[in-house]
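Quick caveat: nothing in here was measured; it's all calculated off a predicted structure. Whatever order the structure lists them in is the order used to number ligands and atoms, beginning at 1.
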Amino acid sequence: MVDAGGTTGTANPRTLSPAAMTELIVQLQAIVGPRGLLTEAADTAPYVEDWRGLYHGRTPAVVRPIDTHQLANVVRLCAAAGVAMVPQGGNTSMVGGAVPSENGGQIVISLARMNRILALDAVDMTLTIEAGATLKSAQDAAAEAGCLLPLSIGSEGTAQIGGILATNAGGNNTVRYGNARDMVLGLEVVMADGQVWNGLRRLRKDNTGYCLRQLFVGAEGTLGIITAAVLKLAPRPAETEVALCSLPSVEAALDLFTRFQRFDAAAVQAFEYMSGTGMALVLKHIPGVSLPLRQPAAHYALVELASTRVGGGLREGLETVLSEALDADLVIDAAVAESEAQRAAIWKLREEHSESQKREGASVKNDVSVPVSRVPELIRRASKACENLMPGIRVVAFGHMGDGNIHFNLEQPVTMEAAAFLARDHEIMDTVCAVVRDLDGSFSAEHGVGRLKPYMMPDWRGGAELDTMRRIKAALDPMGLMNPGKVLP
Ligand code: FAD
Ligand code: 2HG
Ligand code: ZN
């Protein structure tokens, strides 16, 4: 049902009368039981607002099924009633992807109770897990078996496997292991009509038609609901080294990164950039943190090296690269962690950037990527463009420099009201994105499109690409019931 103009015949969800909605809720409760359904405003409140506080939705019910069978019945019932559904994991989306709309007609389906580890095979190096398990619990299960689930993000204690896959999360280790997409061998999905697709295969090779699982990865809940996954594990490193460096420029950070790549690309587990502005906010707002360097600087890099070999010369390599960089004036000062506690303390300085920005006031986030070689140019040009647009705006750029993904965030000028600043969010995002486009980058590297950025899709992904996405949506969710208003404009 695709028209000549490339738009689809996807229908709109129905708005039920209050009586019909009440009847639907009674039927939902019959499926999930009283513990599986929340309807009181006080109980549903955490499910209708996003982590950033940008959206305040409404829902008549949050449904919390306990297994795939219950979830499939819930979807079948909602589909028959023509009611929209919003799949929700840990609700840590940075783009409002998991919150329902304000019209009060969308049912939230929370995966939180579907959190079991189903199987772990240390020979096949696979973890089979339900979608509602937190990323942290999945990492812990892998660690207990002597393996590594090589995905690490600041929200890992709350974000769930389903949300991680639905957003194709990236994080700190992408430089070495890739994104969430690269770790998926199999999936189980409840389709928009309630059919269950069990694709929980754990094969390394399987060329049997279209690769369906990758359709649902990164679809942000707009095509179906992920209920379980088979994830690929990696060998657990035996040695890890972490260092924090202060640097004279972003160019120096890029040079340092390439030196570590030349030393041993396979050992670079993370290479993160932080600006002096962002670091100052962390030191200001987060209790108990301190800078393990002689003095503050305008730029910092955090490098983590890891190896599965004991006695592989990792520490010596780190020190050699750092001392050569010090001699070349690429590094001002460096602190190498001597214990697990020191490693965690260095990482905390990086991972608390989002929280400290939030405590400082309103921010506009740009989760952008460019080719790694162009990161310095991105930061330089986008900073200038934003400062020209709004004098006093504070650039807080940080992120995963090793894979080209910079969180080019802007903090409100100290003299400006938060609301006045946020009212100009599109103007600010468009200013940054103009530079990103010029550098052949992307407007969303890892957080997705959600509800915040569908407006950018026609401009960035228009033509055949967006047309094809719409056809896929129409084929898999012809009634338009799965997370409407997200991703596609
Ligand atoms: P939710 O926020 O609940 O949902 C996200 C999207 O996925 C929504 O569209 C939702 O409808 C859909 N969804 C959720 N569960 C399912 C399911 N089972 N089936 C189908 N669709 C589903 N992201 C990164 O990539 N890298 C980072 O380094 C990073 N750091 C962060 C740090 C902080 C402090 C915070 C708050 C967020 C960070 N994020 C990061 C963003 C966020 O944590 C990720 O996008 C994460 O993958 C979302 O997981 P979630 O379970 O919270 O998903
Ligand atoms: C991170 O890398 C997250 O810390 C969040 O992706 C970034 O707050 C942000 O913009
Ligand atoms: Zn990030």
Exercise. Under 3.5 Å, N or O to N or O, is S354 touching ligand 1 that way?
Worked result: no
For this session: Return the residue, atom name and 0.1 Å-rounded distance of the protein heavy atom closest to atom 47 (O) of ligand 1.
Result: T167 OG1, 2.8 Å
Exercise. Quick check: does Q357 get an N/O under 3.5 Å from an N/O on ligand 2?
Worked result: no
Seminar exercise, completed: the protein heavy atom lying closest to atom 19 (N) of ligand 1 turns out to be I226 N, 2.9 Å
Exercise. Would K365 count as a contact of ligand 2 if the rule is a heavy atom under 4.0 Å away?
Worked result: yes
Exercise. Which atoms of ligand 2 sit under 4.0 Å from any heavy atom of E446?
Worked result: 2 (O), 6 (O)
Problem set entry | Min N/O separation Q88 to ligand 1 under 3.5 Å | no
Exercise. Given S93, A228, G162, which has its nearest heavy atom closest to atom 16 (C) of ligand 1?
Worked result: G162
Problem set entry | Protein heavy-atom partner closest to atom 10 (C) of ligand 1 - residue, atom, separation in Å | P87 O, 3.2 Å
Exercise. Does N483 approach ligand 1 within less than 4.0 angstrom via side chain, backbone, both or neither, non-hydrogen atoms only?
Worked result: side chain
Seminar exercise, completed: Any heavy atom of H400 under 4.0 Å from ligand 2? The part involved is side chain
Seminar exercise, completed: At under 4.0 Å between heavy atoms, what of N409 touches ligand 2? The answer is side chain
Problem set entry | Close-contact set for ligand 2 against F398 heavy atoms, below 4.0 Å | 4 (O), 7 (C), 8 (O), 9 (C)
Exercise. G224 near ligand 1, heavy-atom distance under 4.0 Å?
Worked result: yes
Exercise. For G89 and ligand 1, does the shortest N/O to N/O distance drop below 3.5 Å?
Worked result: yes
Exercise. Does ligand 1 have any atom sitting under 4.0 Å from a heavy atom of I164?
Worked result: yes
For this session: Return yes when at least one N/O/S atom of H407 is nearer than 2.8 Å to the Zn ion (ligand 3), and no when none is.
Result: yes
For this session: Using a 4.0 Å heavy-atom threshold (strictly under), name the region of E351 that reaches ligand 1: side chain, backbone, both or neither.
Result: neither
For this session: Using a strict cut-off of 4.0 Å, indicate which atoms of ligand 1 neighbour a heavy atom of L111.
Result: 18 (N)
Seminar exercise, completed: protein heavy-atom neighbour closest to atom 4 (O) of ligand 2 works out as R350 NH1, 3.1 Å
Exercise. Is D367 close enough to the Zn ion (ligand 3) to have an N, O or S atom under 2.8 Å?
Worked result: no
For this session: Show which atoms of ligand 2 fall inside a sub-4.0 Å distance from at least one heavy-atom site of S354.
Result: 4 (O), 5 (C), 7 (C), 8 (O), 9 (C)
